[in-house]
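Order of appearance sets the numbers: ligands from 1, and atoms from 1 within every ligand. The structure presented is a predicted model; accordingly, all values stated were derived computationally and were not measured.
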Amino acid sequence: MSTEAAGADVPGGDAPTWPAEFAERYRAAGHWRGETFGAMLRERAAAHPDRIAVVDPAGGADGGRRTWTYGELDRRADRLAAGLSARGIGRGDRVVVQLPNTAEFFEVVFALFRIGALPVFALPAHRESEIAYFCSFAEAVAYVIPAEHGGYDYRTLAATVCAKAPTVRHVFVAGGDAGAFDSLADLPAEPVALSEPDPGDLAFLQLSGGSTGTPKLIPRTHDDYIYSLRGSNELCRVTEDSVYLCVLPAAHNFPLSSPGTLGALYAGGRVVLCPSPAPDVAFPLIEREGVTLTGLVPPLALVWTEAAPRTSFDLSSLDVLLVGGAKFSEEAARRVRPALGCTLQQVFGMAEGLVNYTRLDDPAETIVTTQGRPISPDDEILVVDDEDRPVPVGATGHLLTRGPYTIRGYWRAPEHNRRSFTEDGFYRTGDLVRLTATGHLVVEGRAKDQINRGGEKIAAEEVENHLLAHPAVHDANVVAEPDPYLGERTCAYVILRAGAEPVKPGALKAFVRDRGLAAYKVPDRVVFTDAFPKTGVGKVSKKDLRSPA
Ligand SMILES: O=C(O)c1cccc(O)c1O
């Protein structure tokens, strides 16, 4: 294994990795098989070059349907890899990829995999604050954007980011007018010989929902991630006949890997990119493309469940609906099969690794009342109290986990890693769970300071820091409050400076938005207060802020 790229457990490495005896065990068990993403696509393309890999319903030159076969995706990845190499992008380089659900996402990502460069998976919703941070922290050499998407001009964002992050030498624009930057379409070149990365090398950096002021980067290897895909495919029964509809942002870990687009491609199946999660966009695609499975966050699952009984589109090809990202209420879960005519599969996962699924043949009660069990027999689960002592089965405690596809540390974050991992390498998920007698996990809440806004994770501290930058703000605390649709929304409790100019809630929200924060992180509600409730030792009690009663 190349210790440099994988970040060995040695001083100077970018991130801790698995100790040798664990790596050996995971290899011996057949979990890590020495596959890489680049070789995976090459093999699939050789085995079935003419089978369709990717359907982009609006990606054609005329705005119509565009399809790429495995052969074409493979050729495109090779040609783009050659073009990117010619621009000096090489092994281990970081490239921030912020693309919507379009076919180019896969062309770019597989080209980077071929080079051994690391995509950093940003979301289309991210703005200057997040992107400038990812680019600077990751010392990214390039940044890939659409020209425009959802009425937003990413070229303007890129100009700001470049001014703040001097390591970014290239901005590549996929589709549309590249403006001052380079068009992705101009890059492809005659394929060149590139040496395959090692399966133990990092493949990409995924984003953490996090609970700290700055998002953390998650280093995933080819070996570990491909194992999670293979395991997911087995549990979700993904085969070459599967058609996965990618509704959520393609870069997010859930639609990427659980089993997601990469799982579908691994199986030789088909990926259909959904440009919008709205039923009037997704339902016609399900009918036309014969979609067999998809993944949704709970608020979208509610919308689909309500819309399905009234639709004139034929949804009968849909076998499995995965729901995850936030807790799905039992009542909503019960409505899935009657409304959509498919099997619900709950998934409780995290970009750091561990993914749990209800099994397709679990009893109906288990499927609606639990968040499933781990993919792997080698996923180790501990449920502990505040002192790290195991709680009895059935009691609620902190979820700790270690296993063949769960990271041993964040990228370049040694101090944070000391808090987020135990000495023997268990990841402290920050989730509160209980285990049922059948070994299924039930998510009961969370201990980390995070808001889960319909599946979008928001670190309270990150938003608080932006509020604190306002001249009239003395102190701020951001907490979750219940929302019937999102599950949770954000509420910012703010103490204004004595004698400061009066400021309205709307002005504070606008202030945060103007600082370049993704819109989903802007507080839904701002409440002014004179004091925060305190705990016994005088710390702010977020628990009491959450339930003012
Ligand atoms: O991050 C998540 O919320 C998530 C949910 C479901 C499945 C996953 O893989 C995830 O990473």
Next on the checklist: So if I apply the side chain to side chain contact (heavy atoms under 4.5 Å, CB included) rule between Gln98 and each of Phe105, Tyr154, Phe134, which one comes out positive?
Outcome noted: Tyr154
Item to check | Test side chain to side chain contact (heavy atoms under 4.5 Å, CB included) applied to Met350 and Thr406, Val355, Ile407, Asp431, the passing residue | outcome: Asp431
Item to check | Intermediate values then yes/no, salt bridge (charged side-chain N to carboxylate O under 4.0 Å, His left out), Arg412 and Glu139 | outcome: CA-CA 11 Å; Arg412 295 189 182 171; Glu139 299 177 273; 2.6 Å; yes
Checklist entry - When you look at Tyr410 and Glu352, which way does the side-chain hydrogen bond (donor to acceptor under 3.5 Å, both in side chains) test go after all the steps? => result CA-CA 8 Å; Tyr410 291 100; Glu352 286 82 354; 2.6 Å; yes
What does the N/O contact table under 3.5 Å look like for ligand 1?
residue, atom, partner, partner atom, Å
ligand 1, 3 (O), Lys457, NZ, 2.7
ligand 1, 9 (O), Asn253, ND2, 3.1
ligand 1, 9 (O), Ser258, OG, 2.7
ligand 1, 11 (O), Asn253, ND2, 3.1
ligand 1, 11 (O), Met350, N, 3.4
ligand 1, 11 (O), Ala351, N, 3.4

Item to check | Mutual orientation of the aromatic rings belonging to Trp18 and Trp32 [parallel < 30°, tilted 30-60°, perpendicular > 60°] | outcome: perpendicular
Next on the checklist: Ring of Tyr225, cation from Arg230 - is the NZ or CZ under 6.0 Å from the centre and inside 45° of the axis?
Outcome noted: no
